[in-house]
Amino acid sequence: MTVSLTIRNADKALISALKSVCKLHPEAQMSIKKHYSLTEELKAEHQEILNSYSQGTLQTFDSMEEYEAAHGL
């Protein structure tokens, strides 16, 4: 049987407790996937772009052909 469980605002203590419960049944397997809201993902990507820009490592391209050539596509 497979059970899917979503817990919002889980902290490390709760995750640790759930792992301990799963250890009581040796055949049980547990996987954890962190989900971020779209807003959080966009903020993180925006910050990454700003950091690259301020460090002078941000790559920009004038055309799609230039981008493809730079990435070996």
Side-chain angles (χ1 to χ4, degrees):
M1 172 180 13
T2 300
V3 177
S4 179
L5 176 66
T6 301
I7 301 174
R8 297 188 191 282
N9 301 319
D11 62 359
K12 291 181 181 182
L14 178 59
I15 292 171
S16 178
L18 291 170
K19 285 181 180 180
S20 296
V21 170
C22 286
K23 287 180 183 177
L24 296 174
H25 194 293
E27 291 87 28
Q29 295 179 354
M30 180 176 171
S31 65
I32 298 172
K33 295 180 184 176
K34 292 183 179 182
H35 295 277
Y36 299 98
S37 72
L38 180 58
T39 304
E40 290 173 349
E41 289 182 34
L42 290 174
K43 283 181 182 178
E45 288 179 16
H46 181 254
Q47 188 60 46
E48 186 178 320
I49 291 168
L50 289 176
N51 289 342
S52 295
Y53 178 76
S54 65
Q55 296 170 0
T57 58
L58 181 66
Q59 290 184 318
T60 59
F61 304 97
D62 292 326
S63 67
M64 191 63 185
E65 290 80 18
E66 187 179 326
Y67 170 84
E68 290 172 347
H71 291 88
L73 302 175

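The basis for the numbers below is simple: all heavy atoms, side chains too, and nothing from hydrogens, waters or symmetry mates.
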Shortest non-hydrogen contact between Cys22 and Ala28, atoms and distance: O-CB, 3.8 Å
Heavy-atom side-chain proximity of Ile7 to Leu18 below 4.5 angstrom: yes
Give the table of side-chain donor-acceptor pairs shorter than 3.5 Å for residues 54-65, with sequence neighbours excluded, one pair per line with atom names and distance.
| residue | atom | partner | partner atom | Å |
| --- | --- | --- | --- | --- |
| Ser54 | OG | Leu50 | O | 3.3 |
| Ser54 | OG | Asn51 | O | 3.0 |
| Thr57 | OG1 | Ser52 | O | 3.4 |
| Ser63 | OG | Glu66 | N | 3.1 |

4.5 Å side-chain heavy-atom contact, Ile32 and Lys19: yes
Given 3.5 Å as the limit, does a donor-acceptor pair link the side chain of His71 with the main chain of Tyr67, or not? yes
Atom CD1 in Ile15, atom CE in Met30: separation rounded to 0.5 Å? 7.0 Å
State, yes or no, whether a side-chain contact exists between Leu42 and His46 at a heavy-atom distance under 4.5 Å. no
State, with a plain yes or no, whether a side-chain heavy atom of Leu38 is found less than 4.5 Å away from one of Glu40. no
